[in-house]
Amino acid sequence: MYEDKLTFLEKTASVDIFKYSKQGIKTILDSPKHYNHELMIRAGKLSKEGFYSLVKYNGGYMLLVPLTKDEGLILSPKIDSLNNSENSFSNIDFINHSTSLAKLTYFLYTMKSAPNWNLVIFNLNEISDPVKQIQPMKNLSDFHRFANKMVDFFARLDEKNFKIYINKMKKCQVFGNALTTDNIIRGEKDILIDIISKLTDRAAKEGLPFERDVYIQSISVQKIELQANILNFNGWLEEIPYAYFNELKKWRENLFIDKADKIEHYLKINSRENIKLKDISSELEISEQSLNAIFKKKYGTTIKQYFTQLKIENAKELLTTTQLKIHDISEYLSFVDESYFISTFNKACGMTPSKYRQKYIEKLLNKKSV
């Protein structure tokens, strides 16, 4: 059975596997209970027969493997939800092995030879023409000019312009042999290492601690040099700068945000996850025993109460802006089960989620009839 083979693949490749079709998303193995159903539906709509597709969303990627015109598989890497440099390195690994992983998955599911398709990359938040990973040498001087601008905006943590210049670098379509005459792979590596050198020097000038700066540099260079060839050059071109960007951002936030605000920020960016005090303690390097005392002194409530309220506010938004089922909202917000979600919502709002949605719809209809 293909299930046994895919279960093995999930464990060895550290991915979760889902199936998309016109009917929606479904798990085909013992995949996680909590996953972003709506996000995967949007990603599945980008799939094109004849291509393997990487879909970027927030800080991660999904890999789409078409089986027919209207259905296929989604591979989602088991990557930490935090937005930090380690995630960028995990993304790089996933990007670099995406084509071979897509072919292996296709074979294990169908037991037929996988098509030798090209890989395309989509950004879910900026839908445009896909970036094909076949690039001619072109515009090297423009590329380096844009790289310098990207580094300037990195130092300012201006993410909007930082991203703009990364995209400008991609559009230059600089292939690796731009720096050498014969060795294409070596040229690709040299381009990436040059970017790393620029970012490392600037990060040091901006005050990023030496050990963190050198860590990112050494890990990045090591990952590049260990590759037999650089697949999906544009993916590397984005993820390496973001490893530096996220690390500098995190360091500056830690400089200026007091401990209670750090906790509150952590809760907000992880508001749909199922986090515990030990997770917060480990990430923020604050003792678990002192977390609630620190937080309650400023916010007047416990971490659990505040975190639950965040989930309730998220649930209200989903109830009034989407047609997601109560069960799906419960899963998306990482409640233990649907019953616990309903009872928690009822306790906080004085009505069930279904009643809250119904009242909201009635209110809209009344406004239209006036």
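Just so it is clear, the structure is predicted and the values come from calculations on it, not from any experiment.
- Side chains of Y165 and D158: no donor on one and acceptor on the other come within 3.5 Å.
- Panel note: side chain K26, backbone F18; no donor-acceptor pair is recorded below 3.5 Å.
- Atom-to-atom distance recorded for Y299:OH and I263:CD1 is 9.0 Å, nearest 0.5 angstrom.
- Proximity of a side-chain donor or acceptor of S197 to a complementary backbone N or O of D194 within less than 3.5 Å is not detected.
- The main-chain N or O of Y242 is found under 3.5 Å from a side-chain atom of N246 such that the two form a donor-acceptor pair.
- The hydrophobic clustering, which links ILVMFWY residues whose side-chain heavy atoms are closer than 4.5 Å, places V214 and V151 apart.
- M169 pairs in a side-chain contact (heavy atoms from CB on, under 4.5 Å) with only one of the listed residues (K149, E238, M150), which is M150.
- Under the 3.5 Å distance criterion, with hydrogens and angles disregarded, a donor-acceptor pair is assigned to the side chains of E264 and Y306.
- Taking a cutoff of 4.0 Å between a charged side-chain nitrogen and a carboxylate oxygen, E247 and R212 qualify as a salt bridge.
- Proximity of D70 to S21: side-chain heavy atoms (C-beta onward) are nowhere separated by under 4.5 Å.
- Side-chain atoms of K355 and N346 form no donor-acceptor pair, as typed in the model, at a separation below 3.5 Å.
- In this structure the side chain of N292 reaches within 4.5 angstrom of the side chain of L277, judged on heavy atoms.
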Between T302 and F307, is the side-chain contact (heavy atoms from CB on, under 4.5 Å) condition met? List the steps.
CA-CA 9 Å; T302 66; F307 193 54; over 6 Å; no

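- Closest of all the heavy-atom pairs between T301 and F295 is O-CD2, 3.3 Å.
- Between K205 and D201, no side-chain nitrogen of the basic residue sits less than 4.0 Å from a carboxylate oxygen of the acidic one, so the salt-bridge criterion is not met.
- Checked against the 6.0 Å centroid threshold, W117 and F51 do not count as a close aromatic pair.
- Considering every non-hydrogen atom in both I312 and F345, the closest pair reads CD1-CA, 3.7 Å.
- Of all non-hydrogen atoms in I280 and Y266, the two that sit nearest each other are CG1-CE2, 3.5 Å.
- The closest side-chain heavy-atom distance from K198 to N148 is below 4.5 Å.
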Verdict with reasoning, I95 to N234, per side-chain contact (heavy atoms from CB on, under 4.5 Å)
CA-CA 10 Å; I95 289 167; N234 278 348; over 6 Å; no

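- Of all heavy-atom pairs between S271 and N314, the closest is OG-ND2, 3.0 Å.
- At least one side-chain heavy atom of W236 sits under 4.5 Å from a side-chain heavy atom of K223.
- Checking side-chain atoms of N161 against main-chain N and O of I164 turns up no donor-acceptor pair under 3.5 Å.
- Under a hydrophobic-cluster definition in which Ile, Leu, Val, Met, Phe, Trp and Tyr are linked whenever side-chain heavy atoms come within less than 4.5 Å, directly or via other members, L248 and F210 are assigned to different clusters.
- Under the 3.5 Å distance criterion, the side-chain polar atoms of N270 are left unmatched by any main-chain donor or acceptor of E273.
- In this structure, the side chain of S47 does not engage the main chain of P66 through any donor-acceptor pair within 3.5 Å.
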Run the side-chain contact (heavy atoms from CB on, under 4.5 Å) test on L310 and K268 for me, step by step, so that the C-alpha distance in whole Å, both residues' side-chain angles and the decisive distance to 0.1 Å come before the verdict.
CA-CA 7 Å; L310 284 176; K268 281 186 174 180; 4.2 Å; yes

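- Ion pair D142/K171 not flagged as a salt bridge, since none of the NZ, NE, NH1 or NH2 atoms sits closer than 4.0 Å to an Asp/Glu carboxylate oxygen.
- Under a cutoff of 6.0 Å and an axis angle of 45°, K103 and Y106 do not form a cation-pi pair.
- A salt bridge links R252 with E206: the closest approach of a Lys/Arg side-chain nitrogen to an acidic carboxylate oxygen falls below 4.0 angstrom.
- Cation-pi geometry between R272 and Y332 is met: the NZ or CZ atom falls under 6.0 Å from the ring centre, inside 45° of the normal.
- With hydrogens and angles left out, the side-chain atoms of Y52 and S98 include no donor and acceptor closer than 3.5 Å.
- Taking hydrophobic clusters as Ile, Leu, Val, Met, Phe, Trp and Tyr residues chained together by side-chain heavy-atom distances below 4.5 Å, Y215 shares a cluster with L192.
- A distance of 13.0 Å separates CZ in R202 from CG in L208, rounded to the nearest 0.5 Å.
- K163 and E159 are not joined by a salt bridge, as no carboxylate oxygen comes within less than 4.0 angstrom of a charged side-chain nitrogen.
- A distance of 4.5 Å separates CG in L54 from CG in L119, rounded to the nearest 0.5 Å.
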Using the rule given for side-chain contact (heavy atoms from CB on, under 4.5 Å), can you reason through S281 versus Q289, listing the C-alpha separation, both sets of side-chain angles and the distance that settles it, and then say yes or no?
CA-CA 9 Å; S281 174; Q289 293 72 22; over 6 Å; no

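- Side-chain contact annotation: T308 with Q305, donor-acceptor N/O pair under 3.5 Å absent.
- Here the shortest heavy-atom pairing between Y20 and L73 reads CE2-N, 3.5 Å.
- I342 is listed as a side-chain neighbour of P353, based on a closest heavy-atom distance under 4.5 Å.
- A side-chain donor-acceptor contact under 3.5 Å links Y244 and T200.
- Rounded to the nearest 0.5 angstrom, K19 NZ and Q23 CD are separated by 9.5 Å.
- For the pair R357 and Y360, the cation-pi criterion (under 6.0 Å, within 45° of the ring axis) is not fulfilled.
- When only modelled atom types and interatomic distance are considered, E362 and Q358 share a side-chain donor-acceptor pair under 3.5 Å.
- Here the side chain of S282 pairs no donor or acceptor atom with the backbone of D279 at under 3.5 angstrom.
- I195 has its side chain within reach of P241: a pair of non-hydrogen atoms, C-beta onward, lies under 4.5 Å apart.
- S330 contributes no side-chain N or O that, together with a main-chain N or O of I326, makes up a donor-acceptor pair within less than 3.5 Å.
- Hydrophobic clustering, with ILVMFWY side chains joined whenever heavy atoms are under 4.5 angstrom apart, keeps L319 apart from L364.
- Taking a 6.0 Å sphere around CD of E285, one finds it holds 12 or fewer heavy atoms contributed by other residues, nucleotides or ligands.
- Residues S218 and Q222 bring no donor and acceptor atom of their side chains to less than 3.5 Å of each other.
- Note that CD1 of I224 is 9.5 Å distant from CG of D190, once rounded to the nearest 0.5 Å.
- Sparse packing is recorded around NZ of K325, with 12 or fewer heavy atoms of other residues, nucleotides or ligands lying under 6.0 Å away.
- The side-chain heavy atoms of F335 and I329, taken from C-beta on, include no pair separated by under 4.5 Å.
- Separating the CD atom in E288 from the OG atom in S290 is a distance of 9.5 Å, to the nearest 0.5 Å.
- In this structure, K298 and D258 approach most closely via the heavy-atom pair NZ-OD2, 3.4 Å.
- No side-chain heavy atom of F107 sits less than 4.5 Å from a side-chain heavy atom of K112.
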